[in-house]
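To start, the structure under review is shown below, and the notes come after it.
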Amino acid sequence: MSDIKLHPGWLEPLRTEFESPYMQTLKSFLVAEKAAGTRIFPRGDEWFRALDLTPLESVRVVILGQDPYHGEGQAHGLCFSVKPGVRPPPSLVNIYKELSSDLDIPPARHGFLEHWAQQGVLLLNSVLTVRMGAAASHQGRGWEKFTDAVIRLVNAQEAPTVFMLWGSYAQKKAAFVDSVERGGHHLVLKAVHPSPLSAYGGFFGCRHFSQANAFLAAHGRTPIDWALPELPA
């Protein structure tokens with residue numbers, strides 16, 4: 001993947017990952033998928049969209065997802081986010097409900113989260129591609145190792161950062177983060193996943209958004225404007 005176009009703030013520290021054997025194997029797998037006529041989401045120029053919109057030095061909050069949405073026209077490279085004109089999925093609806101309860105922000109009428117990403121919220125999926133209609137179809141191919149490296153880079157930054165870990169998968173993936181609780185300087189917030197299957201078990205009422213902003217402000221960093229602007233008609 002030496003031809004990857006990526007924000008230089010990420011490209012340089014990740015160069016050894018892109019040049020590694022596991023990434024070459026992943027590239028060969030993705031090329032073979034496309035050659036076989038398999039539709040992959042998101043489209044190729046959006047695989048690293050989360051990194052492009054949120055340069056390493058700008059990261060203030062990390063939200064971890066698992067896989068891209070596998071439905072037509074949904075995924076565009078940011079976890080939990082969907083393209084303009086696509087109905088917000090159930091987990092995102094629940095995120096909006098908690099945001100409304102926590103910060104009195106009315107739920108957005110769309111699911112396009114680039115406004116968050118542009119402010120320093122890294123909306124990172126563990127796996128960056130998926131086959132159309134086949135959930136988890138690209139797991140175990142190498143993406144997880146790559147996104148582990150991304151999280152390690154954020155963890156190594158001196159600026160205090162907030163990690164929102166929703167569900168056991170995200171919590172396990174970022175278990176190595178140097179949290180305040182462990183004598184580090186990052187705030188790690190944990191809750192169950194916002195999925196309708198689990199949200200009532202502790203996601204609702206977690207108040208992660210207000211806690212994140214309070215932590216950022218207390219450490220001299222600008223809080224996040226969580227209110228999403230309306231999209232152009």
Side-chain angles (χ1 to χ4, degrees), residues 50 54 59-71 74-127 135-136 147 151 154 160-175 177 179-182 186-219 221-231:
T54 313
V59 177
R60 286 184 276 161
V61 176
V62 178
I63 298 177
L64 294 180
Q66 192 163 348
D67 292 280
Y69 296 120
H70 55 81
Q74 291 181 299
H76 64 106
L78 306 182
C79 72
F80 293 107
S81 181
V82 290
K83 294 181 180 181
V86 177
R87 182 189 299 273
S91 290
L92 184 54
V93 170
N94 286 339
I95 291 171
Y96 288 167
K97 288 179 180 177
E98 175 57 24
L99 193 54
S100 175
S101 173
D102 187 9
L103 292 174
D104 200 28
I105 294 174
R109 292 187 288 182
H110 61 83
F112 190 60
L113 304 182
E114 284 200 358
H115 177 64
W116 294 356
Q118 290 164 347
Q119 297 179 74
V121 181
L122 181 61
L123 296 165
L124 183 68
N125 275 316
S126 176
V127 177
T147 51
I151 298 169
V154 177
T161 300
V162 181
F163 288 79
M164 294 183 178
L165 308 180
W166 299 334
S168 58
Y169 184 94
Q171 291 164 22
K172 183 177 180 180
K173 184 171 180 67
V177 168
S179 66
V180 172
E181 289 182 342
R182 294 165 52 185
H186 301 307
L187 178 64
V188 174
L189 300 174
K190 298 179 181 180
V192 299
H193 195 277
S195 160
L197 297 174
S198 57
Y200 285 95
F203 181 77
F204 292 136
C206 70
R207 301 185 65 85
H208 280 187
F209 301 101
S210 60
Q211 289 185 65
N213 278 356
F215 178 84
L216 292 170
H219 290 82
R221 307 198 76 187
T222 305
I224 304 297
D225 172 18
W226 296 105
L228 294 165
E230 288 295 322
L231 298 177

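We number each residue from 1, following the sequence as shown.
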- line: Nearest heavy-atom contact between Leu228 and Ala108 is CD1-CB, 3.8 Å
query: Is Glu230 atom CD crowded by more than 12 heavy atoms from other residues, nucleotides or ligands, each under 6.0 Å away?
result: yes
message: Quick one: does any side-chain atom of Asn213 pair with a main-chain N or O of Pro223 as donor and acceptor, under 3.5 Å?
response: no
field: Exam field: side chain Glu98 to backbone Gly205, donor-acceptor pair closer than 3.5 Å
entry: yes
Heavy-atom side-chain contact between Phe215 and Pro160 under 4.5 Å: yes
query: Between the main-chain N or O of Val86 and the side-chain N or O of Gln74, is there a donor-acceptor pair closer than 3.5 Å?
result: no
field: Side chain Tyr69, main chain Cys79, donor-acceptor under 3.5 Å
entry: no
field: Shortest non-hydrogen contact from Arg207 toward Ser101
entry: NH1-O, 4.2 Å
message: Are Thr147 and Lys173 packed together at the side-chain level, in the sense that at least one heavy-atom pair is separated by less than 4.5 angstrom?
response: yes
message: Treating Gln171 as the side-chain partner and Ala191 as the backbone partner, does any N or O pair qualify as donor plus acceptor under 3.5 Å?
response: yes
- line: CG (Leu92) and OG (Ser195) are apart, to the nearest 0.5 Å, by 12.5 Å
message: Just verifying a value: how many Å separate Leu123 CG and Met164 CE, rounded to the nearest 0.5 Å?
response: 10.0 Å
Nearest-0.5 Å distance, OG of residue Ser100 to CD1 of residue Ile95: 13.5 Å
Tyr96 versus Pro107, closest heavy-atom pair with distance: CB-CB, 3.9 Å
message: Less than 4.5 Å apart, side chain to side chain, heavy atoms only: is that true for His115 and Asp225?
response: yes
Side-chain donor or acceptor of His186 paired with backbone N/O of Thr161 under 3.5 Å: yes
Pro84 side chain near His110 side chain, heavy-atom distance below 4.5 Å: no
message: Nearest 0.5 angstrom please: Ile63 CD1 to His208 NE2, how far?
response: 10.5 Å
- prompt: Any side-chain heavy atom of Trp166 sitting closer than 4.5 Å to one from Ser91?
  reply: no
field: Shortest non-hydrogen contact between Gly65 and Phe80, atoms and distance
entry: CA-CE1, 4.4 Å
task: Would you sort out whether Phe204 and Asn94 count as a side-chain contact (heavy atoms from CB on, under 4.5 Å), showing the intermediate values?
output: CA-CA 8 Å; Phe204 292 136; Asn94 286 339; 3.3 Å; yes
- prompt: Out of curiosity, Leu122 CG to Leu78 CG, how far, rounded to the nearest 0.5 Å?
  reply: 9.0 Å
- request: Could you pull out the closest heavy-atom pair between Thr54 and Val121, with the gap in Å?
  value: OG1-O, 3.4 Å
field: Centroid-centroid distance, Tyr169 to His193, less than 6.0 Å
entry: no
- prompt: Would you call Leu189 and Cys206 a side-chain contact if the rule is heavy atoms closer than 4.5 Å?
  reply: no
- request: Supply the atom-to-atom distance Ile151 CD1 to Leu124 CG, rounded to the nearest 0.5 angstrom.
  value: 6.0 Å
field: Nearest heavy-atom neighbours spanning Leu64 and Ala174
entry: CD1-CB, 3.9 Å
- prompt: Mind checking what makes ring-ring contact (aromatic ring centres under 6.0 Å, His included) contact with Trp226, not counting sequence neighbours?
  reply: Trp116, Phe209
